[in-house]
Amino acid sequence: MGCFAKIAAQAGILAFLQFGRTITESKKEPIKLLKLLDIFSSLNKLRLDFNRLFGGAACVEIQNLTRDLIKRVIDGAAEIFWEIFVQVELQRQSPPPQDGSIPKLVSSITDYCNKLLGDDYRPILTQVLVIHQSWKHKKFQEMILVNEVSKIIKAVDLNLDTWMKAYGDTTLSYLFAMNCHWHLYKDLKGTKVGELMGDSWLKEHEQYKEYYSAFFFRESWAKLPVHLSREGLIMFSGGRASARDLVKKRLKTFNEAFDEMYRKQSGWVIPERDLREKTCQLIVQTVLPVYRSYMQTYGPLVEQDASSSKYAKYTVQGLEQMLLSLFLPRRERYGSFKGRPTGSKIDNGVDLRRTASAVA
């Protein structure tokens with residue numbers, strides 16, 4: 001056994017165990033918990049073989065290093081697990097994303113908690129917590145794991161409420177809330193965390209998404225069609241010249257409001273594709289029919305004017321393309337829309353400005 005112990009040491013088993021110890025001494029971040037659980041699982045599977053091969057007095061150094069490694073792994077894993085809730089709370093002080101997208105913490109922590117509750121890690125983490133509690137002479141409570149994960153997810157909820165209030169732009173805060181509540185509903189439905197939090201909790205987030213979506217439209221795009229009022233234009237009662245001036249004035253007001261809203265919201269993001277497409281379609285359905293009808297009826301009044309491009313600024317097709325390009329994540333945005341002045345041509349040659357031929 002003395003010869004075997006020397007051979008094992010020279011073969012690298014001591015260095016291997018020291019390597020494991022080095023891992024436990026590195027920075028304790030949440031993602032490291034999964035690595036420590038992997039190490040514990042591997043050591044646990046090897047336990048019988050280790051006891052058989054290195055159980056003699058000659059292998060006492062290997063035994064001591066192994067016990068020390070296991071203790072460090074368990075202590076480290078338990079420490080990180082109990083710190084997750086605190087770390088989520090600390091993130092509450094940080095500012096929300098400027099583009100209204102989903103904070104990385106929200107998507108990463110929900111995915112992380114799903115892994116902890118999954119079949120791969122839950123039994124390992126439970127065993128680690130049982131051992132750690134026994135070392136402190138505390139009785140392990142069966143629901144301690146799920147209760148802690150539930151507390152973490154509820155802390156994320158509180159973070160969202162705090163971040164939403166941090167926005168200076170109310171409309172952007174509605175978009176942010178819409179993004180986050182939809183993410184929590186859609187991405188957690190049918191998952192371990194979703195099952196833990198329950199159907200009523202999931203349904204609540206779906207309802208919040210609808211609630212903030214309605215406020216978002218009411219405070220932004222729903223205000224545009226009112227600029228295209230037909231009041232005073234019926235039958236051109238004041239004469240063609242006065243009707244033309246009124247149409248010009250209203251188109252100018254509409255264009256200014258649209259340009260400002262588009263400029264501001266083109267920097268905002270809806271990461272979830274289905275929510276983004278639904279939102280853009282709703283904007284199109286809110287703005288386009290009114291604009292199309294207005295231009296078909298009153299467009300001819302201004303299209304022959306020398307300054308028609310100032311008022312009949314957009315084609316219906318160009319307006320639709322611009323609206324459908326909103327809220328894309330930066331990596332998905334078309335270069336033709338990014339940073340391009342309003343009313344200019346896009347790369348495929350379609351003119352976003354209105355022309356005489358475009359009047360139906």
Side-chain angles (χ1 to χ4, degrees), residues 24 28-45 47 70-94 102-163 177 179-209 272:
T24 65
K28 290 180 171 57
E29 297 177 337
I31 193 63
K32 184 181 169 185
L33 173 56
L34 302 181
K35 299 299 182 186
L36 292 177
L37 294 178
D38 287 335
I39 293 173
F40 175 81
S41 177
S42 298
L43 290 172
N44 196 42
K45 291 174 183 176
R47 181 166 49 86
I70 293 173
K71 186 177 187 307
R72 287 173 175 273
V73 168
I74 291 174
D75 283 341
E79 180 184 344
I80 293 172
F81 177 71
W82 295 117
E83 276 288 314
I84 297 173
F85 172 76
V86 177
Q87 292 300 320
V88 171
E89 280 196 319
L90 288 175
Q91 287 295 316
R92 201 170 297 163
Q93 303 169 13
S94 61
I102 301 165
K104 187 177 180 181
L105 171 74
V106 177
S107 54
S108 61
I109 204 69
T110 51
D111 180 58
Y112 186 73
C113 287
N114 267 321
K115 289 180 178 178
L116 293 182
L117 293 178
D119 296 336
D120 291 336
Y121 287 107
R122 182 169 180 169
I124 305 170
L125 179 55
T126 300
Q127 188 177 359
V128 165
L129 294 177
V130 167
I131 296 171
H132 192 258
Q133 292 289 90
S134 71
W135 288 348
K136 292 186 172 184
H137 307 290
K138 294 181 180 179
K139 185 178 179 181
F140 178 77
Q141 299 175 1
E142 188 64 31
M143 297 297 291
I144 195 169
L145 174 56
V146 295
N147 287 343
E148 188 66 16
V149 170
S150 176
K151 193 167 76 169
I152 291 168
I153 299 300
K154 289 176 181 176
V156 171
D157 264 346
L158 287 176
N159 284 16
L160 295 183
D161 291 339
T162 303
W163 287 331
N179 271 331
C180 293
H181 287 295
W182 180 244
H183 173 79
L184 290 176
Y185 168 74
K186 182 175 178 289
D187 279 41
L188 294 184
K189 188 177 181 181
T191 67
K192 297 291 185 182
V193 172
E195 292 172 6
L196 170 65
M197 302 307 293
D199 290 338
S200 60
W201 183 87
L202 290 169
K203 189 68 177 177
E204 189 177 66
H205 282 287
E206 183 185 27
Q207 291 170 345
Y208 272 130
K209 173 261 173 185
E272 304 275 358

Kindly indicate whether the side chain of T110, heavy atoms from C-beta on, has any atom under 4.5 Å from the side chain of V193.
no

Could I get the full list of side chain to side chain donor-acceptor pair (under 3.5 Å) partners for K203, not counting sequence neighbours?
E206

L34 side, atom CG; S41 side, atom OG - distance, nearest 0.5 Å:
12.5 Å

Separation between NE2 of H183 and CG of L188, rounded to the nearest 0.5 Å
6.5 Å

Hey, what's the ring geometry for W201 with H205, parallel, tilted or perpendicular (30° and 60° as the breaks)?
perpendicular

Side chain to side chain contact (heavy atoms under 4.5 Å, CB included), that's the test. Do D187 and S107 meet it? Break it down for me.
CA-CA 9 Å; D187 279 41; S107 54; over 6 Å; no

Using the side chain to side chain contact (heavy atoms under 4.5 Å, CB included) definition, which of the options L116, L117, V149, V146 pairs with K192?
L117

Would you mind reporting whether L184 and Y208 have side-chain heavy atoms less than 4.5 Å apart?
no

Taken to the nearest 0.5 Å, the spacing of L37 CG from D120 CG works out to 11.0 Å

So CD of E148 and NZ of K151: to nearest 0.5 Å the spacing works out to 4.0 Å

Note, I131 side chain near Q127 side chain (heavy atom, < 4.5 Å):
yes

G190 and E195: which non-hydrogen atoms are nearest, and at how many Å?
O-OE2, 4.4 Å

For the atom pair NZ (K154) and CG (N159), what is the distance rounded to the nearest 0.5 Å?
15.0 Å

To the nearest 0.5 Å, what is the distance between CG on D157 and CE on M197?
6.5 Å

So, does R122 use its side chain to make a donor-acceptor pair with the main chain of L145 at under 3.5 Å?
no

Taking NZ in K32 as the centre, count heavy atoms belonging to other residues, nucleotides or ligands within less than 6.0 Å. Is the count above 12?
yes

Distance-only donor-acceptor pairs under 3.5 Å for side chains of residues 79-90, two or more places apart:
none

Please report the shortest heavy-atom distance between P103 and C180, naming the atom on each side.
CD-SG, 3.7 Å

Mind listing the closest non-hydrogen atom pair of S150 and L196 along with its distance?
N-CD2, 3.9 Å

Please examine the side chains of W182 and I102, heavy atoms only from C-beta on, and report whether any two atoms are closer than 4.5 Å.
no

I need the minimum non-hydrogen distance between L36 and A77, along with the two atoms involved.
CD1-N, 3.5 Å

